[in-house]
There are 2 protein chains.
Amino acid sequence: MDIRDVAKRAKVSTATVSRTINQVATVDTQLAKRVWKAVAELGYYPNRQARALVSGKSRVFGLIVSEITNPFFPEIVQTFETVAVEHNYEILLTSTIHDPKRMELAVRRMIEGRVDGVAILTFGMEDELLAHLRFRNLPLVFIDVGPKAPRVSNIRVDYAHGIRQAVQHLAAMKHERIGFVTGPLRLRSAAVRRDAFEESMREIGLPVKPEFIVAGDHRLEGGKRALQDLYKLREQPTALLCSNDMTAIGVMRQAFDLGIAIPRDLSVVGFDDIRMADFVIPPLTTVQMSQTELAKLAFDALLREVKRDDPTPDGTEYLLTTQLILRSSTTFPPDLGHARQPSASKRD
Amino acid sequence: MDIRDVAKRAKVSTATVSRTINQVATVDTQLAKRVWKAVAELGYYPNRQARALVSGKSRVFGLIVSEITNPFFPEIVQTFETVAVEHNYEILLTSTIHDPKRMELAVRRMIEGRVDGVAILTFGMEDELLAHLRFRNLPLVFIDVGPKAPRVSNIRVDYAHGIRQAVQHLAAMKHERIGFVTGPLRLRSAAVRRDAFEESMREIGLPVKPEFIVAGDHRLEGGKRALQDLYKLREQPTALLCSNDMTAIGVMRQAFDLGIAIPRDLSVVGFDDIRMADFVIPPLTTVQMSQTELAKLAFDALLREVKRDDPTPDGTEYLLTTQLILRSSTTFPPDLGHARQPSASKRD
DNA sequence: AAAATGTCCGTAAACGTTTACCACGCCGCT
DNA sequence: AGCGGCGTGGTAAACGTTTACGGACATTTT
């Protein structure tokens with residue numbers, strides 16, 4: 001069942017059917033009524049592929065995330081989808097799982113699908129691969145790491161602001177031994193967060209001890225491992241900033257296994273403010289980076305670029321701010337000024 | 001740049017290009033080599049829409065989930081995507097967010113996209129809307145609730161098994177006052193879980209008190225509210241089964257606010273075994289329902305149906321089992337046989 | 001009253017593939 | 001030598017839309 005069936009039944013040409021459906025030209029009220037009637041009676045739905053083929057626009061945006069399994073991203077996907085369908089766009093979603101092979105595959109899929117633009121929210125997995133995309137002159141939107149080029153937008157995140165707030169918050173409570181669990185450092189945003197941490201520490205006049213900077217992976221497991229490593233040291237930090245919330249949650253879980261009470265023995269701060277952050281125990285103090293805001297920004301950037309006929313040579317920059325959210329995972333350091341006592345396990 | 005450019009450059013016809021690319025007929029080694037060379041040199045990627053149009057197969061499967069924001073689903077999406085791309089399929093993803101409007105929209109999007117099949121993993125939001133899909137004779141796969149019909153597969157979940165294990169586990173520790181937090185009951189699977197709970201209680205000879213069965217929504221907030229309500233009662237349960245893990249986590253969070261220690265004052269059991277279940281504090285005892293298994297089953301069902309030329313009149317049934325995973329959120333009831341003492345807050 | 005303008009609508013080409021059909025050349029058989 | 005069969009490659013139709021172009025008619029202008 002196609003547009004010709006509709007045309008036949010409404011006794012008009014296919015052109016008229018197309019015009020009434022797309023409201024792209026005025027068509028006589030009587031005819032339009034007949035068309036709509038035929039559409040309803042036949043249960044006609046236009047064929048998206050055919051439309052795409054002839055119009056040269058697929059009305060699909062690619063969305064590349066690093067790991068949909070990380071609770072940071074579903075929120076983004078959800079709102080990206082919501083605003084996309086409002087504008088009659090579809091999404092071609094893929095998660096790269098930090099795997100270059102999958103990134104390559106993703107690019108191929110995007111091109112074969114003839115998407116009208118791609119949002120690359122992998123926080124720094126950009127590559128020569130993207131050259132393929134660039135080559136096609138596709139609208140792109142990156143987070144943090146995009147090159148200055150026509151048709152590519154960039155969402156810059158002000159990581160430093162929230163992180164500085166976090167460090168100040170800890171310092172105000174007289175923490176001096178503050179550690180940091182990084183993300184995977186080949187991710188640009190992970191490196192930036194760590195740098196912002198070190199920078200903030202120096203600003204305040206606190207020492208950044210190299211052994212207090214320990215590697216995570218932005219996953220739960222990395223947080224666990226990080227705390228394990230940290231507690232093999234002779235002297236431990238009294239507070240710990242984490243590169244994202246998943247890391248922080250992993251840290252808290254490991255603390256539980258080790259019998260370390262949060263926040264009494266160790267203050268923990270996360271990053272992202274995923275929804276779960278308010279539901280772990282204790283509720284996690286964290287730096288908020290609005291996922292819905294990010295998704296909307298990304299979509300708007302793409303849409304704007306699609307509509308623009310004369311792109312700016314350097315692309316467009318957007319800004320996303322961050323902000324500390326106080327909850328219950330931080331407090332004063334234990335035994336202020338004294339040696340640390342191992343605390344009893346919370347299990348009884 | 002299209003197949004004709006490739007043909008021209010390789011000095012063959014478009015038919016030959018198509019044949020070598022799709023490996024659908026034997027083509028002379030020399031010619032094939034020339035074709036591949038041309039493809040590489042031009043950076044040619046076939047146009048998916050054109051392919052779909054002429055072949056009548058879009059190689060896209062629809063995937064409808066209820067809420068991608070619920071950590072149960074990302075896991076499914078991830079593995080569904082992984083196996084889909086292995087078979088050269090794309091995904092048209094949508095989450096209905098329990099909203100009939102969005103369900104309607106989803107169906108329309110699926111049809112306009114001419115998907116080759118749809119996996120409906122909403123646990124019971126099926127509707128007259130699906131008649132549109134059925135009407136098109138599309139392969140469908142449901143979880144729990146699909147009708148017996150040609151081209152529709154069904155994944156039956158053995159909720160009862162895991163839930164019975166959970167109740168037995170609790171009963172073995174001499175819990176007698178066991179409560180249940182339901183999901184949204186218009187979801188078939190939520191009702192089934194509750195029924196399985198009541199059934200198991202009766203089997204064991206434990207009373208199911210109506211006031212101990214309280215309404216949740218399969219979200220964190222519902223769990224919080226449920227425990228609030230429960231603790232307004234004169235007498236409280238000593239153990240609580242939850243219709244899913246998110247609910248259980250909400251319960252635990254509210255317990256924290258109320259100063260109720262888990263599991264000392266209250267044993268909690270979840271359902272689903274989302275990854276986070278092992279990372280909350282204390283680690284959640286829960287009934288596992290493998291998300292990766294589910295995703296694979298759904299995809300295989302669709303793929304099989306697509307290939308099948310003579311579908312069975314009643315569709316196909318698949319089975320997914322469930323199983324209790326013991327962790328640390330359950331223990332013996334407090335003050336066995338005595339009145340409950342309010343316990344001190346965990347915060348100090 | 002004729003010309004000019006405007007409003008609708010239909011015809012047909014075009015989008016980029018796949019594939020049915022046919023032509024060609026080669027091989028082996030009688 | 002002639003013929004059938006087979007392996008291979010090209011021609012062109014088809015998929016379901018949108019839209020440029022032109023025609024028919026109505027309305028306004030001269």
Side-chain angles (χ1 to χ4, degrees), chain A residues 1-39 42-60 88 90 108-116 136, chain B residues 1-39 42-60 88 90 108-116 136:
Chain A
M1 167 186 11
D2 58 23
I3 202 176
R4 284 174 298 233
D5 297 316
V6 178
K8 211 169 294 172
R9 184 172 251 260
K11 296 199 194 311
V12 296
S13 71
T14 62
T16 302
V17 175
S18 176
R19 282 194 269 254
T20 73
I21 286 182
N22 297 310
Q23 322 216 18
V24 74
T26 58
V27 5
D28 182 83
T29 329
Q30 280 309 310
L31 292 199
K33 205 173 285 180
R34 293 216 310 264
V35 169
W36 286 120
K37 185 148 166 283
V39 165
L42 293 174
Y44 167 75
Y45 293 87
N47 181 319
R48 245 185 134 97
Q49 288 105 319
R51 281 183 160 175
L53 192 57
V54 59
S55 73
K57 306 262 148 245
S58 63
R59 295 199 79 87
V60 174
N88 193 24
E90 292 295 346
R108 158 176 286 273
R109 288 165 62 196
M110 299 294 152
I111 299 180
E112 293 196 349
R114 296 297 190 271
V115 297
D116 293 339
R136 305 230 148 203
Chain B
M1 168 186 10
D2 58 22
I3 202 176
R4 286 175 297 234
D5 297 317
V6 178
K8 212 169 294 172
R9 185 172 249 262
K11 297 201 195 310
V12 296
S13 72
T14 62
T16 302
V17 176
S18 177
R19 284 193 268 252
T20 74
I21 286 182
N22 298 309
Q23 322 215 17
V24 74
T26 59
V27 4
D28 181 83
T29 329
Q30 281 307 312
L31 291 199
K33 206 174 283 180
R34 292 218 309 267
V35 168
W36 285 120
K37 185 148 165 282
V39 165
L42 294 174
Y44 166 75
Y45 293 86
N47 180 319
R48 241 182 137 96
Q49 288 104 324
R51 280 182 159 178
L53 192 56
V54 58
S55 72
K57 306 261 148 247
S58 62
R59 296 199 79 89
V60 174
N88 194 24
E90 292 295 346
R108 157 175 286 273
R109 288 165 62 197
M110 298 295 152
I111 298 180
E112 293 196 350
R114 296 296 190 271
V115 297
D116 293 338
R136 305 229 147 203

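So you know, we letter chains A, B, ... as the sequences are listed, proteins then strands, and number each from 1. As the structure is a prediction and not an experimental result, all values here were calculated from the model.
- Side-chain proximity of B/L53 to the nucleotides D/dC15, C/dT11, D/dT18 is greatest for D/dC15.
- Checked by distance alone, B/R19 brings a side-chain donor or acceptor within 3.5 Å of a matching partner on the base of D/dG10.
- Rounded to whole Å, the distance from NZ on B/K8 to P on D/dG10 is 15 Å.
- Going from atom CZ of A/R59 over to atom P of D/dT17 covers 16 Å, rounded to whole Å.
- One end of the helix from C/dA1-D/dT30 to C/dT30-D/dA1 points its axis 50° away from the other end's axis, with each axis taken from 5 pairs and the angle rounded to 10°.
- If you check D/dT11, C/dA12, D/dG16 against the side chain of A/R4, the one that comes closest is D/dG16.
- Atom CD of A/Q49 and atom P of D/dT18 are 13 Å apart (whole Å).
- Considering only side-chain atoms of A/R51, the nucleotide from D/dC15, D/dT17, C/dG10 that sits closest is D/dT17.
- Distance from the side chain of A/T16 is smallest to C/dC9 among C/dG16, D/dG16, C/dC9.
- In this structure the side chain of A/I3 never reaches within 4.5 angstrom of the side chain of A/P46, judged on heavy atoms.
- With respect to A/E90 and B/R109, a salt bridge is recorded, a charged nitrogen being found less than 4.0 Å from a carboxylate O.
- Distance from the side chain of A/S18 is smallest to D/dT18 among C/dT17, D/dG10, D/dT18.
- Computed from coordinates, the A/I21 CD1 to D/dT18 C1' distance equals 12 Å when rounded to whole Å.
- With rounding to whole Å, B/R48 atom CZ is found 12 Å from C/dT18 atom P.
- Near-neighbour residues of DNA chain C inside residues 22-33 of chain B, defined by a heavy atom below 4.0 Å, number-ordered: B/N22.
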Show me the side-chain donor-acceptor pairs of residues 25-32 of chain B shorter than 3.5 Å, one per line, residues at least two apart or across chains.
{"from": "B/D28", "atom 1": "OD2", "to": "B/Q30", "atom 2": "N", "distance (Å)": "2.9"}
{"from": "B/D28", "atom 1": "OD2", "to": "B/L31", "atom 2": "N", "distance (Å)": "3.4"}

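- At whole-Å resolution of the value, CE in B/M1 and C1' in C/dG16 are 13 Å apart.
- At whole-Å resolution of the value, CD1 in A/I111 and P in C/dG16 are 16 Å apart.
- Regarding contacts with the backbone of C/dG16, every side-chain N or O of B/Y45 stays at 4.0 angstrom or more from both OP1 and OP2.
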